[in-house]
Colleague: 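Before I ask anything, here is the structure I am working with.
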Number of protein chains: 2
Amino acid sequence: MTITNDLFKKLTFFSEPEFKGELLQHGQLLSFNKGDVIVRDGQYVKFLPIVLKGAIRVFQQSEDREILLYYVRAEETCTISLAAAYFNNKSTSHGVVTEPTEVLIFPASLIEQWQLKYPSWNRYVMQMFRTRYDQLISSFQGVAFEHIDVRVLEYLKNTAHNEGSKSVCLSHQQLAAELGTTRVVVSRILKEYERKKKIKLFRGRIELL
Amino acid sequence: MTITNDLFKKLTFFSEPEFKGELLQHGQLLSFNKGDVIVRDGQYVKFLPIVLKGAIRVFQQSEDREILLYYVRAEETCTISLAAAYFNNKSTSHGVVTEPTEVLIFPASLIEQWQLKYPSWNRYVMQMFRTRYDQLISSFQGVAFEHIDVRVLEYLKNTAHNEGSKSVCLSHQQLAAELGTTRVVVSRILKEYERKKKIKLFRGRIELL
DNA sequence: ACAGAACGGTATCAAATGATACACAACCAA
DNA sequence: TTGGTTGTGTATCATTTGATACCGTTCTGT
């Protein structure tokens, strides 16, 4: 896609014509495939990405497990990159592309000056921080207070709802990675929920009843 | 304390004289005592507080347990209040004063317009979001991946270090509340650490060796 | 067509954490 | 001084989650 007004059909958040001009001037379009690593833990962030299409999965990793932080979808940016870029610090998590993805990137040095010049950009930044913070608080609360079986069901319901579907397509291994537990625990819990007639299990897919 | 230039001896972050004037004009000084509730979960935030002196403990609560999010100390604000206030939403956690505290509050409606007018305020807001974000990410990682005994020791070391002391003054019950576990688990773990000569236990106080 | 990889389910055992109870010591307010 | 409260430590048991292993089925790449 050429970097033209098509861009602003995908980025409806920004309103100032001059700002759009600067985005065109300083921005660079990149395409990624599933599996590409966008952000690495411990890495400096020089450019801020805004997703135009597709998704980036942002997560934390320990020696033998990982856990989902959030997904960056169309019109969103990665707040950890934003926070890191703003103060020229390192990222504190990983970001991997989960489906074909198009991204607009621009130098991180522009973040602050744009905040002072363009209210819609400032509002966007605050909105991103706010949304992620709420998501993170919610996840934190789940991990701290809820049993893993409850979290499994909540995840399935939320994901199905967000996709406007009754099914969720992912393996037990993937679900375990999202929630920071092991594949065997997930298989055990899902089988129990199937016995209780809350879900129906297929290979690579889980249907909510 | 009268709201004069004394204020800016405690708020060194802001540099624009005009901004200082607006803080004096719109700000209001309040004092609180230990135990006072500043923020309630589910409550709208109309005013943003900046702590001048003292501390506010911000935490989440479930039916029978709670867990620390962060402490708001001098020159800091509560990011959850900030996020809630900015978009006129409800707070997602509780804030309670832990020692005699002085706070400057001003209407939340001023946050955004000040961001556009005063770079030091904008930088402050971003800094607050960034700091809290990092803290939350770190706490999340601990809860998700680390055993409770490791988290106990980390908490004690961090707290002692932040206070420039070798001791931490708090009960087992309070430590349990900070970490989202039970008093019995904490007593058991601390006793074991004492046996391993990593700490020394006193009533209401824990000394690091 | 076939070998290897991936997925799912179950079994068994261990470790970690939570629940409940109780006893004792230290502290504090009257 | 004293009674009540708070704090601490231990015991016992239950539940939850993790580790390891194994087996059978399905899928995929050559």
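Proteins get letters first, then strands, A, B, ... in listed order; numbering begins at 1 in each.
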Colleague: Which whole-number value in Å describes the distance from Glu146(A) CD to dT17(C) C1'?
Modeller: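 Those two atoms, CD and C1', are 17 Å apart.
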
Colleague: Where do Leu209(A) and Ile199(A) come nearest, in terms of heavy atoms and distance?
Modeller: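 Scanning both residues, the minimum pair turns out to be CD1-O, 3.5 Å.
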
Colleague: Any donor-acceptor pair under 3.5 Å linking the side chain of Arg130(A) with the backbone of Phe87(B)?
Modeller: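 Absent.
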
Colleague: Please give, in whole Å, the distance from dC7(C) P to Leu175(A) CG?
Modeller: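 It is 13 Å, rounded to the nearest whole Å.
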
Colleague: Tell me whether Arg65(A) forms a cation-pi arrangement with Phe145(B), defined as NZ or CZ under 6.0 Å from the six-membered ring centre and within 45 degrees of its axis.
Modeller: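 No, Arg65(A) and Phe145(B) do not form such a contact.
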
Colleague: Whole angstroms only, please: what is the CD1-P distance between Ile189(B) and dA15(C)?
Modeller: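 After rounding, the gap between these two atoms is 16 Å.
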
Colleague: dA15(C) P sits how many Å from Asp149(B) CG, rounded?
Modeller: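 Answer to the nearest Å: 14 Å.
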
Colleague: Check whether any side-chain N or O of Thr182(A) sits under 4.0 Å from OP1 or OP2 of dT17(D), and answer yes or no.
Modeller: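 No, outside the criterion.
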
Colleague: Is the backbone N or O of Thr12(B) less than 3.5 Å from a side-chain atom of Glu75(B), with the two atoms forming a donor-acceptor pair by type?
Modeller: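 Answer holds: yes.
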
Colleague: How many Å lie between CD on Gln173(A) and P on dA6(C), as a whole number?
Modeller: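 Interatomic distance, CD of Gln173(A) to P of dA6(C): 10 Å.
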
Colleague: Base, sugar-phosphate or nothing for Arg65(A)? Non-hydrogen atoms, less than 4.0 Å.
Modeller: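 It contacts sugar-phosphate atoms only.
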
Colleague: Return the angle between end axes of the helix from dA1(C)-dT30(D) to dA30(C)-dT1(D), with five pairs used per end and rounding to 10°.
Modeller: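 For the helix from dA1(C)-dT30(D) to dA30(C)-dT1(D), the axes at opposite ends meet at about 50°.
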
Colleague: Produce the list of close N/O pairs, under 3.5 Å, pairing protein atoms with atoms of nucleotides 9-14 of chain C; give distances to one decimal.
Modeller:
{"from": "dG9(C)", "atom 1": "OP1", "to": "Lys191(A)", "atom 2": "NZ", "distance (Å)": "3.1"}
{"from": "dG9(C)", "atom 1": "N7", "to": "Arg183(A)", "atom 2": "NH1", "distance (Å)": "2.6"}
{"from": "dG9(C)", "atom 1": "O6", "to": "Arg183(A)", "atom 2": "NH2", "distance (Å)": "2.8"}

Colleague: Please check if the side chain of Asn162(A) supplies one atom and the backbone of Thr159(A) the other of a donor-acceptor pair under 3.5 Å.
Modeller: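 Not a single qualifying donor-acceptor pair exists.
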
Colleague: Between Lys157(A) and Glu154(A) (salt bridge meaning N to carboxylate O under 4.0 Å), is one present in this structure?
Modeller: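 Result for this pair is no, no salt bridge flagged.
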
Colleague: Provide, to the nearest angstrom, the distance between the CG atom belonging to Asp64(B) and the P atom belonging to dT17(C).
Modeller: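 Between P of dT17(C) and CG of Asp64(B): 17 Å.
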
Colleague: Return the set of residues passing side-chain contact (heavy atoms from CB on, under 4.5 Å) with Glu66(A) (not counting sequence neighbours), or none when no residue passes.
Modeller: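 side-chain contact (heavy atoms from CB on, under 4.5 Å) list for Glu66(A), sorted by chain: Arg57(A), Phe59(A), Gln61(A), Ala177(A).
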
